[in-house]
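All remarks here apply to the structure that follows.
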Amino acid sequence: NTKQTSIMTFFKKS
Amino acid sequence: MFEARLVQSVILKKVLEAIKDLLTEATFECSDCGIQLQAMDNAHVSLVSLNLRSDGFDKYRCDRNLSMGMSVPCMSKILRCASSEDTVTLRAWDNPDTIVFVFESPNRDKISEYEMKLINLDQEHLGIPETLYSCVVKMPSQEFARICRDLSQFGDAMTIACSKEGIKFSAAGDYGTANVKLAQTAETENQEEAVVVEMKEPVKLTFSCRYLNSFVKATPLCAQVQLSMSAEVPLVCEYQIGEIGHIRYYLAPKIDD
């Protein structure tokens, strides 16, 4: 089983 | 004043088709350099980054930087009112609360104006780190669209594995499994049909089919799509937009639970 990650895990607020 | 004119309104029509599945509202940042948009989908799984350079427009004027929040469905409705042969001009005044779309027929005997209210959006802007990707694949965009469509019938997720042999797409579900392998093409005269793999290290990542099927709505923009991948970072799916710019989709991978 896989779970979806969030794009915000990888790209931080600028 | 802000004014941007494109003889080929069809480009903007295609751009809206390419974002309307993912975004309901977005801030268009207009500056001397052109028009930029960066927005996440509601679930914060993907991010759309659009860049239309000012020198790609047939006329472009932007006296001061503007951030214009727009309803994507509304903008899409307006652009559907343009014929593909029409010229489009976007126009706004300084500190605008509306933007005007003007469509002109080729012989200028029909001029349509649509004014759209702008919306205040407090969107988060994300920094996208410079990344050297382990694999960069260029392939025909129609082929990629077809593979996404075909494999999504088998499962919610699709695994993309890239090696020096080529690129392999696979999906598995209750009904069975599906695998599509594409070999790198030999030197070909027809660059639009080429499959080119630049690989530093092999990569295998799993992504949601639903998002990939939204990205491929950009297929009419470009004959080729570029997929950039590294282990455990988002996929970049990029389409060039003629001589004017590009649209990039970033998609967070699925990871083992």
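Below, chains carry the letters A, B, ... as their sequence lines are ordered, and counting in each starts from 1. The basis for the numbers below is simple: all heavy atoms, side chains too, and nothing from hydrogens, waters or symmetry mates.
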Candidate polar pairs, chain B side and chain A side, donor-acceptor under 3.5 Å:
{"unit_1": "His44(B)", "atom_1": "O", "unit_2": "Ser6(A)", "atom_2": "OG", "d": "3.1"}
{"unit_1": "His44(B)", "atom_1": "O", "unit_2": "Ile7(A)", "atom_2": "N", "d": "2.8"}
{"unit_1": "Glu124(B)", "atom_1": "OE2", "unit_2": "Lys13(A)", "atom_2": "NZ", "d": "2.9"}
{"unit_1": "His125(B)", "atom_1": "O", "unit_2": "Ser14(A)", "atom_2": "N", "d": "2.8"}
{"unit_1": "His125(B)", "atom_1": "O", "unit_2": "Ser14(A)", "atom_2": "OG", "d": "3.2"}
{"unit_1": "His125(B)", "atom_1": "ND1", "unit_2": "Ser14(A)", "atom_2": "OG", "d": "3.2"}
{"unit_1": "Gly127(B)", "atom_1": "N", "unit_2": "Lys12(A)", "atom_2": "O", "d": "2.8"}
{"unit_1": "Ala252(B)", "atom_1": "O", "unit_2": "Gln4(A)", "atom_2": "NE2", "d": "2.8"}
{"unit_1": "Pro253(B)", "atom_1": "O", "unit_2": "Thr5(A)", "atom_2": "N", "d": "3.3"}
{"unit_1": "Pro253(B)", "atom_1": "O", "unit_2": "Thr5(A)", "atom_2": "OG1", "d": "2.5"}
{"unit_1": "Ile255(B)", "atom_1": "N", "unit_2": "Lys3(A)", "atom_2": "O", "d": "2.8"}
{"unit_1": "Ile255(B)", "atom_1": "O", "unit_2": "Lys3(A)", "atom_2": "N", "d": "2.6"}
{"unit_1": "Asp257(B)", "atom_1": "N", "unit_2": "Asn1(A)", "atom_2": "O", "d": "2.9"}

Inset, instruction - Take Ile7(A) and Val45(B) through the test side-chain contact (heavy atoms from CB on, under 4.5 Å) and record every step on the way to the result. - result: CA-CA 5 Å; Ile7(A) 199 82; Val45(B) 170; 6.0 Å; no
Inset, instruction - Take atom CG of Asp94(B) as the centre, draw a 6.0 Å sphere, and report whether it contains more than 12 heavy atoms from other residues, nucleotides or ligands. - result: yes
Inset, instruction - Determine whether more than 12 heavy atoms belonging to other residues, nucleotides or ligands lie under 6.0 Å from atom CG of Asp150(B). - result: yes
Inset, instruction - Mark yes when over 12 heavy atoms from residues, nucleotides or ligands other than Glu17(B) sit less than 6.0 Å from its CD; otherwise mark no. - result: yes
Legend entry - Atom NZ of Lys138(B) with >12 non-hydrogen neighbours under 6.0 angstrom: no
Legend entry - Within-4.5 Å side-chain heavy-atom neighbours: Pro234(B) and Phe11(A): yes
